[in-house]
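Heads up: the structure comes next, in structure tokens.
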Protein chains: 2
Amino acid sequence: MLPERLKELRLAKHLTQEDVANFLGITRPAYTAYESGKRQPDDSTKMKLAQYYSVTVDYLLGVNKTPAWATQQQVTDLKTWLDDPAAMDGFSFGGAELTEDEKDKLKMSMTQIFWNRLNLKRMPINKDEGGDNK
Amino acid sequence: MLPERLKELRLAKHLTQEDVANFLGITRPAYTAYESGKRQPDDSTKMKLAQYYSVTVDYLLGVNKTPAWATQQQVTDLKTWLDDPAAMDGFSFGGAELTEDEKDKLKMSMTQIFWNRLNLKRMPINKDEGGDNK
DNA sequence: GCACTAAGAGAATCTTAGCGT
DNA sequence: ACGCTAAGATTCTCTTAGTGC
């Protein structure tokens, strides 16, 4: 998932692999390996990339995917709510309206909260008291 | 930053290092190294942990910190807005109100958007046309 | 010029085993 | 019980050098 994101974001800004490699302070082949999925950048590099493209690390990793246990009804509910213009209408940020990009980021976060909420209902965290100590 | 987060989240759930290690499918010492900061979990493990604790990977990595270039005025503006109860008043999510935990997560995302917005004004992305081709 | 691949050195990680509280 | 450390083997990453479009 991370390779696709990197390529998508890079091409959207009309940058070459060398441009990004120079920004990161690494060589071209090293960055190529990221987009090829052969190697993975460390945390520091990932955070640099996320800030460079103004996205979250979660987005780079593809965390905001629909979980496997999601029902079709839940997917529909989420989409309906996110696509409702009223959801973020009048939602100002320190006096200034949100841009479309910012709304997208906010929707991504809300999507994550949405699935987390359902996940908590499905798998409440409870300590495993009963061990295998015969 | 990640070590502190892991310990903080684990203790909040009253879990032992072994509990988390078993969940991740690794040994106790391996997980201990994460909290000690001696080793770093791979992406897959980080995503597991983020979902386990219902937080974002950005939060685990400490991305939502105040940037170094932030002015005191900006910090104050952000805090004032986030602390305003009206900011998220009447903000329902598919009919259900947000919990305090969910509001915190949303505030974290908005904080990130806030700093990203200011960062874009400071450092607009422009391709480096002028190379060193003498 | 841009993107990809190969080989070698270097660095990080995991498990097993053992120590301290 | 819980948490931390040491040593060995395994695995991954980075740079340099070279190929194709």
Side-chain angles (χ1 to χ4, degrees), chain A residues 1-53 55 57-58 60-63 125-134, chain B residues 1-53 55 57-58 60-63 125-134:
Chain A
M1 176 58 59
L2 183 133
E4 294 90 329
R5 298 290 199 217
L6 290 181
K7 188 168 188 177
E8 154 204 333
L9 291 168
R10 177 175 64 85
L11 294 180
K13 303 288 183 191
H14 303 290
L15 299 170
T16 67
Q17 290 187 341
E18 187 174 12
D19 291 330
V20 183
N22 287 337
F23 167 75
L24 295 176
I26 60 176
T27 59
R28 233 168 322 174
Y31 177 78
T32 298
Y34 296 160
E35 286 195 6
S36 303
K38 298 196 171 183
R39 291 201 279 271
Q40 292 205 333
D42 59 17
D43 289 347
S44 174
T45 303
K46 277 195 280 281
M47 290 191 283
K48 276 186 187 176
L49 286 166
Q51 180 173 351
Y52 189 50
Y53 292 121
V55 299
V57 175
D58 293 83
L60 290 180
L61 299 181
V63 171
I125 296 179
N126 47 0
K127 192 176 185 309
D128 183 13
E129 296 286 359
D132 52 50
N133 49 339
K134 70 162 181 311
Chain B
M1 178 60 58
L2 184 135
E4 294 91 329
R5 298 289 198 218
L6 290 181
K7 189 168 188 178
E8 153 203 334
L9 290 168
R10 179 175 61 84
L11 294 179
K13 303 286 185 193
H14 303 291
L15 299 170
T16 67
Q17 291 188 339
E18 187 174 12
D19 291 329
V20 183
N22 287 338
F23 167 75
L24 295 175
I26 60 176
T27 59
R28 236 166 319 174
Y31 177 78
T32 298
Y34 296 161
E35 287 196 4
S36 303
K38 296 197 171 184
R39 289 201 282 269
Q40 292 205 330
D42 59 18
D43 288 348
S44 173
T45 304
K46 276 195 280 280
M47 288 159 63
K48 275 187 187 176
L49 285 167
Q51 180 173 353
Y52 189 49
Y53 292 122
V55 297
V57 175
D58 293 84
L60 289 181
L61 300 182
V63 171
I125 295 179
N126 47 358
K127 193 174 185 307
D128 183 12
E129 297 286 357
D132 52 49
N133 49 340
K134 70 160 173 312

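Lettering follows sequence order; numbering is per chain, from 1.
A search for side-chain contact (heavy atoms from CB on, under 4.5 Å) contacts involving B:Ser36 returns B:Thr32, B:Lys38, not counting sequence neighbours. Evaluation of the side-chain hydrogen bond (donor to acceptor under 3.5 Å, both in side chains) rule for B:Glu8 yields B:Tyr59 as partners, not counting sequence neighbours. By the side-chain contact (heavy atoms from CB on, under 4.5 Å) test, B:Glu4 is found to be paired with no residue, residues two or more places apart in sequence or in another chain being considered.
Rounded to whole angstrom, the span from the OH atom of A:Tyr31 across to the P atom of D:dT13 amounts to 16 Å. The interatomic distance linking A:Leu24 (CG) with D:dT13 (P) rounds to 15 Å, in whole Å. For the pair A:Gln17 CD and C:dA3 P, the computed distance is 5 Å after rounding to whole Å. In this entry the distance linking CZ of A:Arg28 with P of C:dC2 reads 8 Å, nearest Å. Protein atom CD of A:Glu35 is 7 Å distant from nucleotide atom P of C:dC4, rounded to whole Å. Per the geometry, CG belonging to B:Asn22 stands 14 Å off P belonging to D:dA1, to the nearest Å. Rounded to an integer number of Å, the gap from NE2 of B:His14 to C1' of D:dC2 is 17 Å.
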For A:Leu9 and A:Leu60, what are the C-alpha separation, side-chain angles and deciding distance, and is it a side chain to side chain contact (heavy atoms under 4.5 Å, CB included)?
CA-CA 10 Å; A:Leu9 291 168; A:Leu60 290 180; 3.7 Å; yes
Candidate pair A:Met47 and B:Leu61, rule side chain to side chain contact (heavy atoms under 4.5 Å, CB included), full reasoning:
CA-CA 8 Å; A:Met47 290 191 283; B:Leu61 300 182; 4.0 Å; yes
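Residue pairs satisfying the salt bridge (charged side-chain N to carboxylate O under 4.0 Å, His left out) criterion with at least one member in residues 39-53 of chain A, sequence neighbours excluded, are listed as follows: A:Asp43-A:Lys46, A:Asp43-B:Lys46, A:Lys46-B:Asp43. Note on residues 20-31 of chain A: pairs passing side-chain hydrogen bond (donor to acceptor under 3.5 Å, both in side chains), not counting sequence neighbours, are A:Tyr31-A:Glu35.
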All N/O pairs under 3.5 Å across the protein-nucleotides 19-21 of chain C interface:
none

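For the pair A:Val20 and A:Arg10, the tightest heavy-atom approach, listed with the atom from each and the gap, is CG2-CD, 3.7 Å. Pairing each heavy atom of B:Gly37 with each of B:Pro3, the nearest pair is CA-CG, 3.7 Å.
One finds the OG1 atom of B:Thr45 at 5.0 Å from the OH atom of B:Tyr34 (value rounded to the nearest 0.5 Å). Separation of atoms NZ (B:Lys13) and OH (B:Tyr52) is listed at 9.0 Å; rounding is to 0.5 Å.
For the helix from C:dG1-D:dC21 to C:dT21-D:dA1, the angle separating the two terminal helix axes comes to 30°, with each axis derived from five pairs and the value rounded to 10°.
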Report, as a single string ordered 5' to 3', how protein heavy atoms within less than 4.0 Å touch nucleotides 9-18 of chain C: B base, S sugar-phosphate only, - not at all.
----SBBBB-
